[in-house]
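Along the sequence shown, residues carry numbers from 1. Only this structure's heavy atoms are used, side chains among them; waters, hydrogens and symmetry mates stay out.
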Amino acid sequence: MALLIGGTLAYLFVPFPWWVLVVVALAGVEIFEVQLWLRLRRVAPRSGHEALVGQAGVLTEAGRVRIAGTSYPARVVDGRPGERVIVEEVDGMTLVVRREGGAS
């Protein structure tokens, strides 16, 4: 959009050798914007409990895990209270966790 509007204005109001430079600069901006848009389009948005998969936390007590200052209910596959665990999956509102560095 910047190329279309800015290029038209540069062509109409800026003398010959300079409007070409303005159009080239605006084309560079457009190329950058398209590359950024394509890159961001490939990234899947992650929010909610799905974002917790792969996060590390500490098993606080039987059935609870603390991640980033928040305690979540958890089903422990491998680990004991006080150990660092990794969230493997989310089952409803319960996190399935395994001891960090444990076998998958």
Side-chain angles (χ1 to χ4, degrees):
M1 188 57 76
L3 178 60
L4 181 67
I5 296 171
T8 302
L9 290 174
Y11 177 76
L12 293 174
F13 297 110
V14 179
F16 169 67
W18 299 107
W19 71 262
V20 174
L21 293 175
V22 170
V23 170
V24 169
L26 291 173
V29 169
E30 288 297 322
I31 290 169
F32 171 75
E33 286 178 353
V34 168
Q35 287 178 345
L36 182 63
W37 178 74
L38 290 173
R39 186 176 310 131
L40 291 176
R41 205 177 92 191
R42 278 184 264 145
V43 176
R46 293 179 61 180
S47 63
H49 285 88
E50 295 85 20
L52 292 173
V53 175
Q55 295 287 320
V58 176
L59 198 58
T60 57
E61 57 187 56
R64 302 296 291 182
V65 63
R66 180 168 294 280
I67 300 172
T70 305
S71 181
Y72 298 95
R75 185 171 72 231
V76 183
V77 174
D78 183 23
R80 291 183 295 237
E83 290 184 329
R84 291 191 52 83
V85 291
I86 300 289
V87 178
E88 288 190 336
E89 65 179 279
V90 178
D91 183 20
M93 293 293 289
T94 304
L95 304 179
V96 179
V97 298
R98 181 180 302 275
R99 181 171 23 122
E100 192 172 54
S104 300

For a quick test of reading the model, state the closest non-hydrogen atom pair linking [X] to [Y] and the distance between them.
X	Y	answer
L26	A2	CD1-O, 3.7 Å
I67	G57	CG1-CA, 3.8 Å
A56	R84	CB-NH2, 3.2 Å
V22	A10	CG1-CB, 3.6 Å

Rounded to the nearest 0.5 Å, what's the gap from [atom1] on [X] to [atom2] on [Y]? Could you check?
X	Y	atom1	atom2	value
I86	E100	CD1	CD	4.5 Å
E61	R66	CD	CZ	9.5 Å
D78	R99	CG	CZ	4.0 Å
L3	T8	CG	OG1	8.0 Å
I31	L36	CD1	CG	13.5 Å
I5	L9	CD1	CG	7.5 Å

Determine, using the 4.5 Å side-chain heavy-atom cutoff (strictly less than), whether [X] and [Y] are members of one ILVMFWY cluster.
X	Y	value
W18	L12	yes
F13	F16	yes
M1	V29	no
V97	Y72	yes

[Y] side chain reached by [X] side chain, heavy atoms, under 4.5 Å:
X	Y	value
V96	V77	yes
Y11	V23	no
V76	L59	yes
L95	V85	no

Self-check item: Residue list, side-chain hydrogen bond (donor to acceptor under 3.5 Å, both in side chains) with R75, at least two apart or on another chain
Solution: D91
Quiz item: Just checking, is any N or O donor in the side chain of S71 or R64 under 3.5 Å from an acceptor N or O on the other one?
Solution: yes
